[in-house]
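Data block below; observations after.
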Amino acid sequence: MQYTTTYQSPFGGILLAADNIGLMGLWFEGEKFYAKSLDPEHKEADLPVFKQTKTWLDTYFSGEEPDFTPPLHMIGSPFRLAVWKILQQIPYGETTTYGEIARIIAKQKGLPQMSAQAVGGAVGHNEISIIVPCHRVVGTNGSLTGYAGGIDKKLRLLTLEGVNMSQFFVPKKGTAL
């Protein structure tokens, strides 16, 4: 059984989803893939994992780095799980690129290379945004692309973490990278 609750962040409403193992979803209202993995037979509840997650979010949105992670239950292919594990290792206030994650995955698998586009697809389908920090992944050329919650939220999250935004640019719609 899956359970849900909501959280009102300074950046908009957030839906949280969990099962008896841990947090399964954290989506900004209206984001791409919103609640895609949520079972239609879920119910609203007040679980300990939701209390922990809300405490984590309160700390995060106050501009501080949380010193714990609520229990997570990420479900995906082995490839996606590997990418999401790397996302969890990106330090607060820092960024990495899709290409760098592709290099790490290729090395782990003993391959000469890995597609940055495939990594981008896995990053984009991360069900637990913010806590699994997909917003910290940028294009190799410094472009801020690929955030399911929207580029405006990606900019705000990175700014909240103190990332120097002068090194990045937002491509205009229809611009090839």
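Keep in mind it's a predicted model, so treat the numbers as computed, not measured.
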Non-hydrogen atoms of E64 and P66 that approach each other most closely:
O-CD, 3.3 Å
Are more than 12 heavy atoms, taken from residues, nucleotides or ligands other than D46, located less than 6.0 Å from that residue's CG atom?
no
Counting distance only, does the side-chain N/O of K54 pair as donor-acceptor with the main-chain N or O of T6 below 3.5 Å?
yes
Main chain of A148, side chain of E31: is a donor-acceptor contact present, judged purely on distance under 3.5 Å?
no
Does any non-hydrogen side-chain atom of Q167 lie less than 4.5 Å from one of N164?
yes
Any side-chain donor-acceptor pair under 3.5 Å between E161 and Y60?
yes
Would K43 pass as a cation-pi partner of Y3, given that its NZ or CZ must be under 6.0 Å from the six-membered ring centre and within 45 degrees of the axis?
no
List the atom of S37, the atom of W27, and the distance in Å for their closest heavy-atom pair.
OG-CZ2, 3.8 Å
Determine whether a donor-acceptor pair (N or O, by modelled atom type, separation under 3.5 Å) exists between the side chain of E94 and the backbone of P91.
no
Does the side chain of L158 come within less than 4.5 Å of L144's, by heavy atoms?
yes
Under the side chain to side chain contact (heavy atoms under 4.5 Å, CB included) test against W84, which residue among N126, I128, V123, L72 passes?
N126
With a 4.5 Å limit on heavy-atom distance, are the side chains of R103 and Y98 in contact?
no
For the student: nearest non-hydrogen atoms of C134 and Y147, plus distance:
SG-CE1, 3.7 Å
Would you confirm whether the ring centroid of F61 sits within less than 6.0 angstrom of the ring centroid of F11?
yes
Neighbour count above 12 (heavy atom, 6.0 Å) for Q89 CD
yes
Does any N or O in the side chain of K153 come within less than 3.5 Å of the main-chain N or O of G12, such that one atom is a donor and the other an acceptor?
no
Contact check, side chains of Q108 and I105, non-hydrogen atoms, under 4.5 Å
yes
Of the non-hydrogen atoms in M114 and K109, which two are nearest, and what is the gap between them?
CE-CD, 4.0 Å
Quick one: does L87's side chain get under 4.5 Å of R136's, heavy atoms only?
no
Between E44 and T4: side-chain donor-acceptor atoms closer than 3.5 Å:
no
Quick one: pull up CD in Q52 and OG1 in T55 and give me the separation to the nearest 0.5 Å.
8.0 Å
Grab the two heavy atoms, one from G139 and one from T97, that are nearest each other, plus how far apart they are.
O-CG2, 3.9 Å
Within the 4.5 Å heavy-atom criterion, are I131 and Q88 side-chain neighbours or not?
no
Grab the two heavy atoms, one from L160 and one from G63, that are nearest each other, plus how far apart they are.
CD1-CA, 3.9 Å
